[in-house]
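Quick note on labels: first sequence line is chain A, next is B, and so on, each numbered from 1.
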Amino acid sequence: MSVRVRFAPSPTGHLHVGGARTAIFNWLFARRHGGTFIIRVEDTDQARSTRESETMVLEDLRWLGLQWDEGPDEPGPHTPYRQSERTDHYGAVAQQLLASGHAYRCFCSEEMLEAKRKQAEAEGRPPHYDLTCFRLSPQEISAKLNSWAPFALRFHVPDDGDVTIDDLIRGEVTWKKESLGDFILVRSDGLPTYNFSVVADDHEMEITHVIRAEEHLTNTHRQVLIYRAMGWDVPQFAHVSLILGPDRSKLSKRHGATSVSQYADDGFLPEAMVNYLTLLGWSAPDGRELFTTEYSIGHFSLDRVNSAPAVFDHQKLDWLNGQYIHSMTAAELLPRVRPFFDAPWLEEGIELVKTSVTRLTEFHEALRFVREFTPAEVDRSFCEAIAADLRANGAPVDEGSYKAFVERLKTATGAKGKALFMPLRLALTGSEHGPELVRMIPLLQHASESDPMVLSPLQRVERCIG
RNA sequence: GGCGCAUUCGUCUAGGGGUCCAGGACGCCGCCCUCUCACGGCGGUAACACGGGUUCGAAUCCCGUAUGCGCUACCA
């Protein structure tokens, strides 16, 4: 049987990095096994879900470079892929559960339930449903029905409700039926709850492996019970641990950026993001930490996914992003940098400073010296020597002419080493720090020819002289 | 409270009974390279939560304790 996995985001905002990692693991697993990767939007929470959020989540996934085979915008054999549009699919299942006695109508109001819960808790009992409506006689039920009393559909936990699963990441996990109370399948407004729709959809979409966040682990108990009641095969489960903030609590907004779009805005490359997120929980068999998606697709397996939660480490992300930027060519980087900063001489500029940058947003600052020049205090005669040479020979435009330029300057000023290069750097950039002069001076010359905002080396030296 | 999951350097992790006085990566510190800043190279710092078992032998298996997290909703 071929692998079919799904990522099931609820559209309540931008894609969270935790969700992104879950999506990546699903995607890697599907690609590794030549399977199908499905996006299914879980929007049954009417109060919080929006179509705008769905669009954003899909955009975020696309930015990361994940492609799905079936989804809300990618028709497949199980269209639609939006739960709010699948209500008729759930009706039949609900009917069957009701008819087979696995579920019953519950007429209790939310207020009543709340009161019962509070009382149970006060008396030290588990806050489970008290079975009032389970015990209703057929006469009582038809009476309620005839009076148009609203009802929800509730699942009855059977006597043999103990469940054991063999989780692909955590091994055997067992629950006793006592830990569960009868739970809602269909709300009184007719919409299914998550635990119900997820089972109906996963079954109908022929999902073979459910790879999702750990917070769903205990829900699996309920879901397996529904599979059993319907006589359906149970898929394999793999529960991925949570991503934590520096204080080891679940990563949230107060820890800083949590949505992938924010990382895009902050100048991270999607390749680095995917690499980092993959590394957060999974490790390559040969221990490498920098890898392409081709590599991780070729080597991904769930038994190398760590079951312990992981702290999101911004420093390592920075390092990784820097590694990607350093190893890319200026031509490759060019279109990536443009949204953040642009200039006619950008490609040469990127080449000059890329090793000092860790995020795309930093190119602007790293290249600021090209357009902004503040003369520094430099020995006047030294500056005049530079100016004289530039006037006589023109500014260096490549490594060869730069070297010749430096040789002449050495002769003219008698300075060498630091005593030569420091005043030169200062005269041309106004700063004692910056990229290597051999490529910087030619850039300054080239940039001044194409960009009116840029002063040429000669103009700079002249300003130093005053 | 109940149930479940987790616990190796500050962080991400390797490790699935002896080859581990625990390996790699980020960070940090030092050295080298070097006109500076970076990059890069080299070296260093630093961990098996605790307590009992099982075993000739445990980071690795079992049981407790502690801590963290999750679920316990007509949220997903």
Mind checking [X] for me? I need base, sugar-phosphate or nothing, with any heavy atom below 4.0 Å counting as a touch.
X         : answer
Cys106(A) : nothing
Asn219(A) : base
Thr174(A) : sugar-phosphate
Arg40(A)  : nothing
Glu110(A) : base
Leu437(A) : base
Arg288(A) : nothing
Gly434(A) : base
Leu113(A) : base

Whole-angstrom distance between [N] and [M], as gauged at atom [atom1]:
N      : M      : atom1 : result
G52(B) : A66(B) : C1'   : 14 Å
U7(B)  : G51(B) : C1'   : 15 Å
U13(B) : U60(B) : C1'   : 16 Å
C61(B) : U54(B) : C1'   : 8 Å
C32(B) : A38(B) : P     : 15 Å
A49(B) : A6(B)  : C1'   : 12 Å
G10(B) : A46(B) : C1'   : 9 Å

Arg154(A) charged N/C atom sitting above Tyr129(A) aromatic ring, 6.0 Å / 45°: yes
Point-to-point distance, once rounded to the nearest 0.5 Å, from CD of Gln223(A) to NE2 of His216(A):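 One gets 8.5 Å once the value is rounded to the nearest 0.5 Å.
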G-U wobble or Watson-Crick pairing nucleotide for A14(B) (cut-off 3.5 Å, both distances):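 In the structure as shown, A14(B) has no Watson-Crick or wobble partner.
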Pair assignment for A6(B), Watson-Crick or G-U wobble, requiring both distances under 3.5 Å: U67(B)
Residue whose closest nucleotide on RNA chain B lies nearer the 5' end, Arg170(A) versus His128(A): Arg170(A)
Residue of the set Phe312(A), Trp282(A), Tyr263(A) for which ring pair (Phe, Tyr, Trp, His ring centres under 6.0 Å) holds with Tyr276(A): Phe312(A)
Residue among Phe37(A), Phe300(A), Phe7(A) satisfying ring pair (Phe, Tyr, Trp, His ring centres under 6.0 Å) with Phe25(A):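 Of the listed residues Phe37(A), Phe300(A), Phe7(A), the ring pair (Phe, Tyr, Trp, His ring centres under 6.0 Å) partner of Phe25(A) is Phe300(A).
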First-last contacting nucleotides on RNA chain B - partner chain A, under 4.0 angstrom, heavy atom: G1(B) to A76(B)
Verdict with supporting geometry, Ser431(A) and Arg368(A), side-chain hydrogen bond (donor to acceptor under 3.5 Å, both in side chains): CA-CA 12 Å; Ser431(A) 165; Arg368(A) 185 183 291 278; over 6 Å; no
Criterion side chain to side chain contact (heavy atoms under 4.5 Å, CB included) on Leu333(A) and Ile325(A), from CA distance to verdict: CA-CA 7 Å; Leu333(A) 249 11; Ile325(A) 289 178; 4.1 Å; yes
Whether Tyr402(A) and Phe405(A) hold their rings parallel, tilted or perpendicular, with breakpoints at 30° and 60°: tilted
Shortest non-hydrogen contact between Leu428(A) and Arg460(A), atoms and distance: O-NH1, 2.9 Å
